[in-house]
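Here the structure comes first, spelled out in C-alpha cells, and everything after it is commentary.
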Amino acid sequence: MKNTDESHPANEFGRYCVPAGLEGRPAARAVIPGRAHAPETLRFMRARPGDGDFLAALSSAMAERRRVWAFEPNPSSFYPARKSVALNGLRNVTLTNAALSNREGTLIFRSRDAEGPSLGGLSHVTGESGEDTDEVQAVTPDYVVPLSRRVTFLQLEAEGHKKPALRGACHRIHRWKPIPILGYLGQEQWIRRSFRGLGYRHVGKLHGNHVYACEDLEL
C-alpha cells in the first residue's frame, strides 16, 4: 500500500519511510526527530551480529554472508518497510509480506479501527473477519528460512500470535538455540515448557521486551 505523502527521516543508522497518518506510532515518534527506536535492544543485537530479523540498524552490523530476515504481515506497514530497505540500499535484508505462524496458509489480521485509520502497533491476528481486517499470508520460520542458516535472534512483535510463531520455529530453536526477544508473552514458564531441556530462562528486559537465553548474558 503506497502513500505518496510520506517523510524520510534519518538517524545514525539510516533513513526511514514514515507515511502520513502514522506519525504517532512509537517508532515514528523516535525516528522523526532523528533518534533510534528501542536503542537498548539495537545495542544488544548489534553486539552479536548473525542472522536476525531487524532492518537498517542491524544490516550494517551483520557478519559477512549473514542476513536480516524480516516479516511484516500488516499491509499498511509492509510498504514503508520495503521503502526503508530501498532508501538505505540494504542488500543483506530479506523482507517478506507475511505473518509467522506454526502453519502455512492465511490468517485474519486487524490493521484498522472501525473508522479506518491504521492501528499501527496495535494491529493483531484475530479470528473474526470484517471491514477492518485483511487476509494475510502465514509462513513458518522453519521452512521460509533455510534451517541451515544459524539465526542468532528471534525478535517478535507478532501481536496476539507469538506462541504459534515460536512453535513454527521449533526445529530451528532446538538446533541453534537463538535468543528470543519478545513483548509480553503472558506466561513466563511457557518457553521452558515448550522447549524443555534446552535451558532457556528469562535473563532480563530491553525497552519493555523480554529476553530469553540458554546462557548467562549481560544486557
Side-chain angles (χ1 to χ4, degrees), residues 1-42 45 52-60 68-91 93-101 106-139 144 154-162 164-165 181-185 206-209:
M1 182 182 299
K2 182 175 181 179
N3 186 338
T4 57
D5 187 11
E6 59 192 35
S7 62
H8 302 152
N11 60 22
E12 60 184 298
F13 299 116
R15 300 175 67 194
Y16 302 83
C17 174
V18 180
L22 299 182
E23 297 90 347
R25 295 173 60 178
R29 290 202 304 268
V31 302
I32 287 175
R35 301 192 305 271
H37 176 59
E40 302 92 345
T41 304
L42 294 178
M45 295 176 74
D53 67 346
F54 236 88
L55 293 180
L58 289 188
S59 175
S60 61
V68 179
W69 306 86
F71 301 86
E72 178 52 70
N74 192 335
S76 64
S77 298
F78 177 70
Y79 167 74
R82 185 174 61 182
K83 184 66 176 287
S84 295
V85 170
L87 285 170
N88 293 283
L90 307 181
R91 298 184 179 278
V93 172
T94 298
L95 174 64
T96 302
N97 186 195
L100 294 179
S101 187
T106 58
L107 295 170
I108 303 300
F109 194 80
R110 177 166 285 116
S111 58
R112 303 177 298 279
D113 65 22
E115 284 71 41
S118 172
L119 290 174
L122 298 178
S123 301
H124 57 277
V125 173
T126 180
E128 299 180 0
S129 60
E131 293 184 359
D132 55 353
T133 64
D134 296 286
E135 194 172 84
V136 301
Q137 181 184 5
V139 297
V144 73
L154 288 173
Q155 195 275 331
L156 296 175
E157 297 298 332
E159 295 86 351
H161 210 65
K162 292 184 182 68
I181 302 177
L182 312 169
Y184 181 62
L185 190 58
L206 293 169
H207 196 76
N209 293 312

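Note: hydrogens, waters and symmetry copies are ignored here, and every other heavy atom, side chains too, is used.
The CD1 atom of I108 lies 5.0 Å from the CD atom of E135; values are rounded to the nearest 0.5 Å. Summarising the geometry, atom CG belonging to L58 is positioned 8.5 Å from atom CZ belonging to F13; distances are rounded to the nearest 0.5 Å. Rounded to the nearest 0.5 angstrom, M45 CE and I181 CD1 are separated by 4.5 Å. Separating the CG atom in L42 from the NE2 atom in H207 is a distance of 9.0 Å, to the nearest 0.5 Å. Distance CG/N209 to CD/Q155: 6.0 Å, rounded to 0.5 Å. A distance of 7.0 Å separates CZ in R110 from CD in E128, rounded to the nearest 0.5 Å.
Taking all atoms of both residues into account, the shortest heavy-atom contact from N11 to A36 is ND2-CA, 3.6 Å. When all heavy atoms of A28 and P33 are compared, the closest pair comes out as O-CD, 4.2 Å. Of all heavy-atom pairs between L154 and L182, the closest is O-CD2, 4.2 Å. In plain terms, the two heavy atoms of A81 and L95 that are nearest each other are C-CD2, 3.7 Å. Pairing each heavy atom of A165 with each of L100, the nearest pair is CB-O, 3.6 Å.
Side chain of K162 to main chain of E157: a donor-acceptor pair is present (N/O by atom type, distance under 3.5 Å, no hydrogens or angles). Under the 3.5 Å distance criterion, the side-chain polar atoms of E40 are left unmatched by any main-chain donor or acceptor of A38. With N97 contributing its side chain and E72 its backbone, the two residues share a donor-acceptor pair below 3.5 Å. Listed for the R15 side chain is no donor-acceptor partner under 3.5 Å among the backbone atoms of N88. Side-chain atoms of S84 come within 3.5 Å of backbone N or O of C17 as a donor-acceptor pair.
Looking only at side-chain heavy atoms (C-beta outward), S101 and H161 come within less than 4.5 Å of each other.
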